[in-house]
Q: 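One structure coming up, written as structure tokens, with questions to follow.
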Number of protein chains: 2
Amino acid sequence: MSKVPTIKEIAKQLKISVSTVSRALHDHPSIGLRTKTRVQELARELGYEPNQTAIFFKQRKTFTIGVILPYLIEDFFAGAISGIEELAMQHKYNVLIGQSQDNVEREIEILTAMKNQRVDGIIVSLSKHTKNLDHFAVLEKYGIPVVFFDRVPASNAYNKVAFNMPQGTHQAITFLMEKGHRRIGIINGPKEMKSSKERTDTYMEVMQKKRLKIDLSLVAYCDLTREGTAEAMESLLSLKQPPTAVLAINDYVALDAIQYCKSKKIKNNKDIFFVSYANLPISGYLESPPMASIEQYPGKQGRKAAEILMQLMDAPEDQQPAPQNILIDGELVEHKR
Amino acid sequence: MSKVPTIKEIAKQLKISVSTVSRALHDHPSIGLRTKTRVQELARELGYEPNQTAIFFKQRKTFTIGVILPYLIEDFFAGAISGIEELAMQHKYNVLIGQSQDNVEREIEILTAMKNQRVDGIIVSLSKHTKNLDHFAVLEKYGIPVVFFDRVPASNAYNKVAFNMPQGTHQAITFLMEKGHRRIGIINGPKEMKSSKERTDTYMEVMQKKRLKIDLSLVAYCDLTREGTAEAMESLLSLKQPPTAVLAINDYVALDAIQYCKSKKIKNNKDIFFVSYANLPISGYLESPPMASIEQYPGKQGRKAAEILMQLMDAPEDQQPAPQNILIDGELVEHKR
DNA sequence: CTGTTAGCGCGTTCAC
DNA sequence: GTGAACGCGCTAACAG
């Protein structure tokens with residue numbers, strides 16, 4: 001730390017006052033061209049860079065946003081972060097991250113640290129087990145806005161960005177119908193997941209509209225593990241009239257289901273067909289991928305969440321806009337084989 | 001921001017001085033038990049939380065470490081971040097991230113922002129195209145220590161943590177030898193990559209030790225794209241004596257090579273065998289994965305890098321320890337089929 | 001044991 | 001056009 005230059009140092013060397021230096025550096029109109037250039041030259045020479053921590057402290061603004069999400073290793077979240085970072089960078093914000101690991105205590109711990117650090121805003125994808133949103137209440141006191149994404153709270157009193165499940169599901173089912181399927185099975189996540197209900201509801205709606213009778217035994221639930229998926233798939237296959245196609249909550253579950261089918265000598269993309277959500281980049285490497293995936297655009301979701309957060313941070317403290325509730329449309333992507 | 005409590009506020013309400021409050025809050029020994037409890041009680045009541053930005057400013061320490069890496073979406077880097085975050089959290093540090101996207105300008109931009117924010121230390125995995133390390137020189141002036149990991153500079157004047165290529169490669173080749181293979185091909189990355197040379201060198205060493213003659217036409221290079229991999233694989237297959245096994249730079253390249261073989265009616269795990277580096281989590285879903293992967297322990301690499309950084313940050317500015325050059329051993333993992 | 005004071009680096013009045 | 005003075009919240013001498 002041979003000597004980190006400050007405006008004070010520059011002022012001393014030039015024998016002028018710090019306020020003049022400050023103004024010169026900011027191109028203030030009321031500073032003489034001569035002093036201005038002298039100051040700017042010396043600043044460059046010394047490699048002067050303003051000390052952000054001082055500015056943060058003074059401005060009560062850190063130009064930092066915090067992002068809390070379950071696991072960075074999941075492609076979806078990594079993609080979302082990229083979208084957030086992109087927008088943050090454009091607006092000169094830094095990104096602080098924390099992984100809750102689907103653990104509520106960790107979520108709270110990270111939240112507290114971020115609050116104390118006085119981040120200007122927070123973007124959150126809730127831990128799987130977060131039911132209670134009390135820990136987010138303190139943020140209000142500190143004037144820290146929050147935007148939820150993907151794993152969002154049910155109440156729309158909050159700003160949130162999520163996947164448009166009805167639209168995506170509609171697309172998936174329509175796609176399968178066009179391929180001639182009439183008995184379509186579903187493998188949901190756990191029953192408690194909001195998305196499970198949404199998926200099922202949309203499924204029933206579409207069936208109804210097409211005047212097809214609804215058979216609820218075609219709707220299975222799983223705990224997202226390989227074994228749970230196998231059980232769900234087994235229940236579907238053991239029906240008197242098993243489905244000819246299955247819509248699975250995500251690509252991993254679809255792959256597990258496909259493996260289970262294989263063990264039963266039922267061939268994917270021949271005897272049975274799968275469509276799932278997420279569109280993992282690995283699909284291209286699989287010999288037997290799902291027929292199609294519903295791309296959920298994680299980057300877009302992240303970007304949108306960051307966009308809303310920027311608006312909130314810009315808005316005057318006492319006059320926050322009404323909570324926004326954004327849905328991001330999915331898009332069906334067929335996998336070439 | 002209904003009213004964020006400060007020590008000043010507490011002092012006023014209790015009609016004592018701010019320094020007494022400060023000390024009481026820090027359990028300073030020279031504060032009377034009575035005042036101490038009074039202060040701590042009111043603090044809790046008011047929901048007082050110290051303003052870190054003020055502390056940062058005062059202490060010239062932000063308890064934040066910056067992490068710069070190419071792409072968060074790559075499993076390796078996501079895993080590394082987790083290791084870093086784990087150690088950082090234990091030491092009460094926050095983690096600021098930035099993705100260079102393998103772009104040097106972005107790397108510099110992020111670095112500058114982190115420096116201005118006065119992070120206490122930085123962990124970097126270099127962008128693919130970074131040849132010149134000049135932009136890291138300024139950090140010295142600010143007393144910000146740096147630790148490189150995975151994509152590290154060649155010079156060992158820097159602190160760095162990287163995969164132990166000789167050890168991992170030795171393991172892979174020995175494994176293939178034990179399976180009876182004598183003609184083992186290599187698919188490296190680009191020739192410029194340090195790892196390509198290391199892999200080749202180790203390969204030759206092992207062959208030599210086993211008294212097998214070295215055939216350099218068995219060593220191919222690719223640009224990591226699907227097409228490049230196909231070309232490399234083609235060159236290996238078109239040899240008079242093609243290899244019976246291939247060591248590939250990473251799982252994706254191995255998968256591309258396997259696909260190419262398939263298109264030529266050469267069956268993976270039967271006519272030819274693959275071993276690659278990384279051990280992607282997807283391997284379990286593949287019908288025809290590489291025979292084995294060398295796990296590179298990204299979390300361990302991240303943790304180690306963070307550990308070294310902690311030491312550097314703790315060390316007095318003027319007495320930094322000699323640069324450490326750590327190698328993390330790999331481990332061969334067989335894939336069940 | 002506790003209070004007073006100074007100062008971290010910067011931007012921003014308010015004077016001249 | 002420029003300088004002096006103040007204050008953000010907190011810690012740390014230095015005094016009592």
Q: For A:Ser17 and D:dG3, is the shortest distance between a side-chain N/O and OP1 or OP2 below 4.0 Å?
A: yes
Q: Taking salt bridge (Lys or Arg N to Asp or Glu O under 4.0 Å) as the cut-off, I'd like each qualifying pair that reaches into residues 10-32 of chain A, sequence neighbours left out, listed once.
A: A:Asp27-A:Lys36
Q: For B:Ser22 and B:Ser19, does a side-chain donor sit closer than 3.5 Å to a side-chain acceptor?
A: no
Q: I'd like the 5' and 3' limits of the part of DNA chain C contacted by chain B, with heavy-atom contacts below 4.0 Å.
A: C:dC1 to C:dG9
Q: Whole angstrom is fine here: how far is it from CG in A:Asn116 over to C1' in D:dC10?
A: 14 Å
Q: Going by salt bridge (Lys or Arg N to Asp or Glu O under 4.0 Å), name the pairs with one or both residues in residues 99-108 of chain A, residues two or more places apart or in two chains.
A: A:Asp102-A:Arg151, A:Arg106-B:Glu85
Q: Throw together a table of side-chain donor-acceptor distances under 3.5 angstrom for residues 37-47 of chain B, partners on residues two or more places apart or in other chains.
A:
| unit_1 | atom_1 | unit_2 | atom_2 | d |
| --- | --- | --- | --- | --- |
| B:Thr37 | OG1 | B:Leu33 | O | 3.0 |
| B:Thr37 | OG1 | B:Arg34 | O | 2.8 |
| B:Gln40 | NE2 | B:Ala24 | O | 3.1 |

Q: Figure out the CZ/C1' separation between A:Arg38 and D:dT2, and round it to whole Å.
A: 13 Å
Q: Does anything in residues 28-35 of chain A reach DNA chain D, meaning a heavy atom under 4.0 Å, and if so which residues?
A: A:Ser30, A:Ile31, A:Gly32, A:Thr35
Q: Measure CD1/A:Ile16 against P/D:dA4 and give the value in whole Å, please.
A: 11 Å
Q: Are B:Gln99 and A:Ser82 close enough, and set up right, to give a side chain to side chain donor-acceptor pair (under 3.5 Å), and what steps lead you there?
A: CA-CA 8 Å; B:Gln99 301 181 72; A:Ser82 295; 2.9 Å; yes
Q: On DNA chain C, nearest-nucleotide positions of B:Arg118 versus B:Lys15: which is more 5'?
A: B:Lys15
Q: What one-letter contact string describes nucleotides 11-16 of chain D from 5' to 3', where B marks a base within less than 4.0 Å of any protein heavy atom, S marks contact via sugar-phosphate atoms alone, and - marks no contact?
A: BBB---
Q: Run the ring pair (Phe, Tyr, Trp, His ring centres under 6.0 Å) test against A:Phe136 and tell me which residues pass, sequence neighbours left out.
A: A:Phe148
Q: Got a sec, which residues hit ring pair (Phe, Tyr, Trp, His ring centres under 6.0 Å) with B:Phe57, two or more places apart in sequence or on another chain?
A: A:Phe57
Q: Only pairs under 3.5 Å count here: list side-chain donor-acceptor contacts from residues 299-308 of chain B, not counting sequence neighbours, and write none if there are none.
A:
| unit_1 | atom_1 | unit_2 | atom_2 | d |
| --- | --- | --- | --- | --- |
| B:Gln301 | NE2 | B:Gln296 | O | 3.3 |
| B:Lys304 | NZ | B:Glu307 | OE2 | 3.1 |

Q: Could I get the full list of side chain to side chain contact (heavy atoms under 4.5 Å, CB included) partners for A:Gln52, not counting sequence neighbours?
A: A:Ile55, A:Phe56, B:Asn116
Q: Please collect all salt bridge (Lys or Arg N to Asp or Glu O under 4.0 Å) contacts where either partner lies in residues 87-99 of chain A, sequence neighbours excluded, each pair once.
A: none
Q: Partners of A:Tyr297 by ring pair (Phe, Tyr, Trp, His ring centres under 6.0 Å), sequence neighbours excluded?
A: none
